[in-house]
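Keep in mind that the numbers below use all heavy atoms, side chains included, and drop hydrogens, waters and symmetry copies. Protein chains get the first letters and strands the later ones, always in sequence-line order, with residue 1 at the start of each.
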Amino acid sequence: MNAAEHDHFAEKLLAWFDAAGRHDLPWLHPRTPYRVWLSEIMLQQTQVKTVMPYFARFLEHFPTLPDLAAASTDQVMAQWAGLGYYARARNLHAAARLCVQQHGGDLPRDFDALVALPGIGRSTAGAILAQAWGDRFAILDGNVKRVLARYHGVAGWPGAPAVEKQLWQLAAQHLPQARMADYTQAQMDFGATLCTRHDPACMLCALQDDCVALREGRVDELPTSKPGKPLPERIALMLLAENAHGEVLLLRRPPVGIWASLWSLPQADDHEQARQWFAAHLQGDYDQAEALAEIPHVFSHYRLRMHPLRWRALAARDAVRDNDDLRWVAREQLPSLGLPAPIRKLLSTVIPANAGTP
DNA sequence: AATACGGGGAT
DNA sequence: ATCCCAGTATT
């Protein structure tokens, strides 16, 4: 494809969008840089339906970029809790503060300056510039990868660098001269609602005449799926200590690794490690622990088998007081903390809503 | 180039 | 049970 005037990809896609696209998505009204940015971050590896309530709630708490910058980490994490990929929230918060320090409280209208902000890569930077300002930048998210792999008949897993490079090139080649904001939204909407992974609506497709995969009967095998591998398994002992008031001892996880900086239960790899932690922080008999039923949880990269150990009416050692990283928390306070979903599940299983208080 | 990072939905 | 999703950062 060397002559832009013979490439009807963008114009057909825009025509489809005008007629059948979703025009009621919340980040479209109004389509401001801050709202576009927030939506793009929340939508990374996360479906529209999941994002919707978080997007609305987040904006109620932090209506503007400077509001977000001024908030505390705990306030931000509380609004993100449950969405997953928590580095996104920490990066979003850090980036907001950088924007206040370096860009007058606004997102910069500059590709390199955007990519320099934490949490914004090539695709998100392009998405922000195109949707907020109409600037001419390509995006390459999962939807665009799928659409282009089919349209051009590109084989190979799109996560492979060579394939991804080719897809970026194709994405750049289709860029229209106008309506970049709508075009960018249209590509993602098209992939999410029509050119779906399973059962795409090829009969209704605006691009069916030029789609290589459809012509060659390869729609169901493109894009090539990721080579699979068995999930490794890990076991964790979850220490559930309750004091005489029925409060639960929570600790703040380290700033790096899984569930970084979120509140969770003390955790150990084995009983020796658990006993050691218990002795250092609590008074009582470790062996009085009640072993509760295993709670399995599957992450994208490993399977976690949580084994809760419960003690009641415990006291902390005198040297251990409430501090920034270790707290007794009443059950009513749990929802306001940024607890990871599996921990919430564990707690709700172990501590029914009607137990503990008269 | 490979891995870490969550949670929810679809098949 | 397995795969996938409006990706980015780290190693």
Side-chain angles (χ1 to χ4, degrees), chain A residues 21-22 25-28 35-55 77 80-92 94-95 114-128 130-131 138-147 149 157-165 167-168 171 183-193 195-200 220 223-234 253 255-262 264 296-304 338-345:
Chain A
R22 287 177 295 185
L25 269 9
W27 35 92
L28 267 27
R35 291 164 57 90
V36 167
W37 174 41
L38 178 62
S39 73
E40 289 300 327
I41 300 300
M42 285 189 165
L43 287 162
Q44 287 170 3
Q45 300 295 289
T46 312
Q47 296 186 341
V48 165
K49 184 177 175 185
T50 303
V51 163
M52 294 273 217
Y54 286 89
F55 182 80
M77 297 315 287
W80 201 276
L83 239 199
Y85 278 177
Y86 297 94
R88 293 184 296 175
R90 287 183 283 108
N91 287 334
L92 186 76
L114 283 173
V115 170
L117 293 170
I120 299 181
R122 180 175 177 182
S123 189
T124 299
I128 292 170
Q131 294 185 90
I139 61 170
L140 192 64
D141 61 5
N143 289 313
V144 179
K145 284 176 178 173
R146 182 170 55 253
V147 171
W157 178 51
V163 178
E164 185 170 316
K165 182 179 177 183
L167 294 173
W168 268 114
Y183 175 70
T184 301
Q185 180 61 39
Q187 290 175 89
M188 299 187 281
D189 209 26
F190 183 79
T193 65
C195 193
T196 51
R197 185 69 185 89
H198 300 284
D199 287 326
D220 53 347
T224 308
S225 47
K226 176 182 180 169
K229 53 181 189 285
L231 284 182
E233 212 175 62
R234 300 184 194 176
R253 295 191 56 91
V256 294
I258 186 83
W259 300 330
S261 301
L262 295 192
S264 183
H297 187 75
V298 182
F299 294 111
S300 57
H301 48 303
Y302 63 92
R303 183 187 317 277
L304 180 65
L339 297 178
I343 301 301
R344 279 210 291 259
K345 179 170 127 192

Indicate the atoms forming the closest heavy-atom contact of Phe55(A) with Arg35(A), along with that distance. CE1-O, 3.6 Å
Rounded interatomic separation in angstrom, taking CZ from Arg90(A) and C1' from dA9(C): 11 Å
From C-beta outward on Arg88(A), which listed nucleotide comes closest to its side chain: dC4(C), dG6(B), dG7(C)? dG6(B)
Look at the side-chain N and O atoms of Thr124(A) and state whether any lies under 4.0 Å from the OP1 or OP2 oxygen of dT8(C). yes
Once you apply a heavy-atom cut-off of 4.0 Å, does Gly257(A) come out as touching a base, just sugar-phosphate, or nothing? sugar-phosphate
Is the distance from OP1 or OP2 of dG9(B) to the nearest side-chain N or O of His198(A) less than 4.0 Å? no
Sidechain-backbone polar pair: Ser123(A) side chain, Leu140(A) backbone, donor-acceptor under 3.5 Å: yes
Between the CZ atom in Arg344(A) and the OG atom in Ser264(A), the distance rounded to the nearest 0.5 Å is 11.5 Å
So Ile343(A), base contact, sugar-phosphate only, or nothing? Heavy-atom distance under 4.0 Å. nothing
Residue pair Ala160(A)/Gly82(A) against DNA chain B: nearer the 5' end by closest nucleotide is Ala160(A)
What I want to check is whether an N or O donor and acceptor connect the side chain of Thr46(A) with the base of dG8(B) at under 3.5 Å. no
Rounded to the nearest angstrom, tell me the gap between atom CD in Glu164(A) and atom C1' in dA1(B). 12 Å
Sub-4.5 Å side-chain heavy-atom contact between Arg22(A) and Gln185(A): no
Rounding to a whole Å, what distance do you find between Gln44(A):CD and dG7(B):C1'? 15 Å
Taking the side chain of Ser225(A) as heavy atoms from C-beta outward, which of dC4(C), dA9(C), dG7(B) is closest to it? dC4(C)
Using a 4.0 Å heavy-atom cut-off across all strands, classify Ile41(A) as base, sugar-phosphate, or nothing. nothing
Across the strands shown, which category fits Gln185(A) at heavy-atom distances under 4.0 angstrom: base, sugar-phosphate, nothing? base
Separation of Arg122(A) atom CZ from dG7(C) atom C1', in whole Å? 13 Å
I want to verify a distance call: between dA6(C), dC5(B), dG7(B), whose nearest atom is closest to the Asn143(A) side chain? dA6(C)
Expressed as a whole number of Å, how far does the P atom of dA1(C) sit from that of dC5(B)? 23 Å
Which atom pair, heavy atoms only, marks the closest approach of Trp37(A) to Ala95(A)? CZ2-CB, 3.6 Å
Starting at the 5' end of DNA chain C, which residue's closest nucleotide do you reach first, Trp157(A) or Leu140(A)? Trp157(A)
Looking across every strand, which nucleic acid part, if any, lies under 4.0 Å from Trp27(A) by heavy atom: base, sugar-phosphate, or nothing? base
Tyr86(A) side chain near dG7(B) phosphate (N/O to OP1/OP2, under 4.0 Å): yes
Can you tell me how far P of dA6(C) sits from OH of Tyr54(A), to the nearest Å? 18 Å
Please tell me if Arg146(A) has a side-chain N or O lying less than 4.0 Å from either OP1 or OP2 of dA6(C). yes
Of all the heavy-atom pairs spanning Arg88(A) and Thr46(A), show the shortest one and how long it is. NH1-OG1, 3.1 Å
Which part of the nucleic acid, if any, lies within reach of Arg22(A) when heavy atoms closer than 4.0 Å are counted: base, sugar-phosphate only, or nothing? base
For Val48(A), report the nucleic acid contact type (base, sugar-phosphate, nothing); a contact means any heavy atom under 4.0 Å. base
Closest-nucleotide 5' rank along DNA chain B - winner of Asp199(A) and Leu262(A): Leu262(A)
Separation between the C1' atoms of dG9(B) and dT8(C), rounded to whole Å: 23 Å
note: Leu25(A), atom CG; dA6(C), atom P; distance rounded to Å ~ 12 Å
By nearest atom, which of the nucleotides dA1(B), dG7(C), dG6(B) is closest to the Pro161(A) side chain? dA1(B)
Figure out the CG/P separation between Asp141(A) and dA6(C), and round it to whole Å. 6 Å
Could you tell me whether Leu83(A) contacts a base, only the sugar-phosphate backbone, or nothing, with contacts defined as non-hydrogen atoms closer than 4.0 Å? base
Please give the distance between the P atoms of dG6(B) and dT10(C) as a whole number of Å. 14 Å
Write down the distance separating the P atoms in dC3(C) and dT3(B), rounded off to the nearest Å. 15 Å
Within less than 4.0 Å of OP1 or OP2 of dG8(B), is there a side-chain N or O belonging to Gln47(A)? no
Strictly below 4.0 Å: does Arg197(A) bring a side-chain N or O up to OP1 or OP2 of dG9(B)? no
On a heavy-atom basis, the closest approach of Arg197(A) and Ser225(A) is NH2-CB, 4.1 Å
Heavy-atom side-chain proximity of Arg122(A) to Trp168(A) below 4.5 angstrom: yes
Using whole Å, report how far NZ of Lys49(A) lies from C1' of dC4(C). 16 Å
With nearest nucleotides of DNA chain C determined for Glu40(A) and Val115(A) from heavy-atom distances, which residue corresponds to the more 5′ nucleotide? Glu40(A)
Please state whether the phosphate of dA6(C), meaning OP1 or OP2, lies under 4.0 angstrom from any side-chain nitrogen or oxygen of Trp37(A). no
